[in-house]
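Residues: numbered from 1 along the sequence shown. Side-chain atoms are counted along with the backbone in the values below, which use heavy atoms only and exclude waters and symmetry mates.
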Amino acid sequence: MTTWAWVAVVVVAVVALAAVGFFMLQQKRRSHLRQRFGPEYERVVAERDNRRVAEQELLDREQRFAELDIRPLPQDSRDSYAARWTEVQERFVDAPAFAVTEADQLVTAVMADRGYPTDDFEQRVSHLSVEHAATLDHYRAAHEISGRAARKESSTEELRQAMVHYRALFEELLEETPRGR
């Protein structure tokens with residue numbers, strides 16, 4: 001074989017190895033994101049219509065989350081929030097729409113106390129998706145029902161569902177210690 005033939009073989013081998021390495025790195029990243037974000041991964045991919053753009057968005061979320069100072073709640077704060085939640089649930093019987101509004105405010109207060117930014121709903125969802133992807137659909141559903149309740153467009157059963165949805169995230173935020181911290 002001539003020198004040029006050997007160079008061509010080596011170049012092809014290097015390119016093939018680089019392509020395999022790139023493919024494996026992409027698969028590893030995709031697997032990590034699927035595991036970390038759960039159903040949120042599929043939702044973002046479906047919304048973006050471009051897997052690479054969606055994955056970059058999720059990586060950006062991780063980066064922004066890493067810059068936050070998320071902290072567990074002290075026991076006395078957890079006890080206080082739990083007592084307030086019980087009061088909100090008790091008020092549901094007489095004033096369901098008001099109780100749902102209070103539940104939303106209480107969840108937001110716990111988030112703020114833990115160190116999450118709470119400026120707007122989409123920002124909260126973005127930050128929560130990193131560590132609380134499993135309960136994110138609960139939060140979205142509760143928020144949507146809460147919005148309809150404010151416009152007096154929801155039934156008592158929907159309001160009850162909103163309370164159940166809020167409770168799922170509330171309990172997780174109250175008890176969870178952030179991973180890796």
Side-chain angles (χ1 to χ4, degrees), residues 33 36-49 53-54 56-58 60-179:
L33 291 172
R36 179 97 191 234
F37 289 94
E40 183 71 0
Y41 175 89
E42 298 302 331
R43 192 188 66 73
V44 173
V45 168
E47 280 181 0
R48 300 300 174 267
D49 291 329
V53 170
Q56 185 58 52
E57 178 181 327
L58 295 172
D60 291 345
R61 288 183 188 186
E62 280 185 321
Q63 178 72 31
R64 287 189 306 271
F65 181 83
E67 296 168 2
L68 299 175
D69 181 25
I70 305 299
R71 56 202 169 272
L73 294 172
Q75 186 61 47
D76 60 331
S77 292
R78 290 198 315 255
D79 293 343
S80 174
Y81 280 125
R84 287 173 58 192
W85 182 263
T86 299
E87 292 169 5
V88 169
Q89 285 183 300
E90 289 170 357
R91 269 193 284 285
F92 182 83
V93 174
D94 295 324
F98 181 68
V100 167
T101 299
E102 281 187 302
D104 181 60
Q105 292 168 349
L106 190 55
V107 166
T108 302
V110 171
M111 288 175 61
D113 205 6
R114 296 255 343 248
Y116 287 93
T118 58
D119 296 337
D120 68 22
F121 179 72
E122 289 306 318
Q123 178 192 51
R124 289 187 299 245
V125 167
S126 176
H127 290 300
L128 285 171
S129 70
V130 179
E131 291 286 327
H132 302 280
T135 54
L136 203 54
D137 285 341
H138 286 290
Y139 188 45
R140 280 191 178 101
H143 183 76
E144 192 270 328
I145 294 168
S146 181
R148 286 199 327 255
R151 297 184 306 272
K152 300 182 190 304
E153 299 173 354
S154 56
S155 69
T156 303
E157 175 56 22
E158 289 173 317
L159 295 171
R160 186 194 66 75
Q161 289 173 7
M163 291 295 291
V164 170
H165 290 310
Y166 276 128
R167 185 176 58 223
L169 179 59
F170 176 80
E171 289 175 349
E172 192 172 297
L173 287 169
L174 206 60
E175 297 301 326
E176 185 183 26
T177 301
R179 284 182 264 168

Flag side-chain contact, heavy atom, 4.5 Å: Phe37 against Leu136 = no
Practice item. Measure from the side-chain N and O atoms of Gln123 to the backbone N and O of Asp119, and report whether any donor-acceptor pair falls under 3.5 Å. Key: yes
d(Arg167 CZ, Thr135 OG1) to nearest 0.5 Å is 13.5 Å
Next item on the list: Go through Ser129 and Arg61 one step at a time and tell me if the side-chain hydrogen bond (donor to acceptor under 3.5 Å, both in side chains) criterion holds.
Entry: CA-CA 8 Å; Ser129 70; Arg61 288 183 188 186; 2.9 Å; yes
Shortest non-hydrogen pair, Ala133 vs Gly38, comes out as CB-N, 4.5 Å
Closest heavy-atom pair, Ala149 versus Ala97, reported as atoms and distance to 0.1 Å, is CB-CB, 4.5 Å
Check your understanding: Does some side-chain heavy atom of Arg48 sit less than 4.5 Å from a side-chain heavy atom of Val44?
Key -> yes
Anything under 3.5 Å between a donor and an acceptor, one on a side chain of residues 105-113, the other on a protein residue two or more places apart or in another chain? List them.
residue, atom, partner, partner atom, Å
Thr108, OG1, Asp104, O, 3.0
Asp113, OD2, Tyr81, OH, 3.2

The complete set of salt bridge (Lys or Arg N to Asp or Glu O under 4.0 Å) pairs with one or both residues in residues 134-149, sequence neighbours excluded, reads Glu40-Arg140, Asp137-Arg140, Glu144-Arg148, Arg148-Glu158
Close side-chain approach of His132 and Leu173, heavy atoms under 4.5 Å
yes
CD (Glu57) and CG (Leu33) are apart, to the nearest 0.5 Å, by 11.0 Å
>> Please evaluate residues Arg64 and Leu68 with respect to the criterion side-chain contact (heavy atoms from CB on, under 4.5 Å), reporting the C-alpha separation (whole Å), side-chain torsions for both, the decisive distance (0.1 Å), and the verdict.
In response: CA-CA 7 Å; Arg64 287 189 306 271; Leu68 299 175; over 6 Å; no
Taken to the nearest 0.5 Å, the spacing of Gln161 CD from Leu159 CG works out to 9.5 Å
**Study point:** Any side-chain heavy-atom pair of Pro117 and His127 under 4.5 Å
**Key:** yes
Taking every heavy atom of Glu131 against every heavy atom of Phe65, the minimum-distance pair comes out as CG-CZ, 3.0 Å
By side-chain hydrogen bond (donor to acceptor under 3.5 Å, both in side chains), Glu122 pairs with (sequence neighbours left out) none
The complete set of salt bridge (Lys or Arg N to Asp or Glu O under 4.0 Å) pairs with one or both residues in residues 85-95, sequence neighbours excluded, reads Arg91-Glu102
For residues Val45 and Arg43, determine if any side-chain heavy atom of one lies less than 4.5 Å from a side-chain heavy atom of the other. no
When rounded to the nearest 0.5 Å, the distance separating CZ of Arg151 from OG of Ser146 is 9.5 Å
Contacts satisfying ring pair (Phe, Tyr, Trp, His ring centres under 6.0 Å) that involve residues 142-173 (not counting sequence neighbours) are Trp85-Phe170, Phe121-His143, His138-His165
To the nearest 0.5 Å, atom CZ of Arg114 lies from atom CG of Asp69 at 10.5 Å
Value for OH (Tyr116) from CD1 (Ile70), rounded to nearest 0.5 Å, stands at 4.5 Å
With a 4.5 Å limit on heavy-atom distance, are the side chains of Asp79 and Gln75 in contact? yes
| said: Show, in sequence, the C-alpha distance, side-chain angles and deciding distance for Val88 and Met163, and conclude whether the side-chain contact (heavy atoms from CB on, under 4.5 Å) test is met. | reply: CA-CA 9 Å; Val88 169; Met163 291 295 291; 3.7 Å; yes
If the threshold is 4.0 Å, N to carboxylate O, is there a salt bridge linking Asp76 and Arg78? no
Across all chains, not counting sequence neighbours, the salt bridge (charged side-chain N to carboxylate O under 4.0 Å, His left out) partners of Glu62 are Arg36
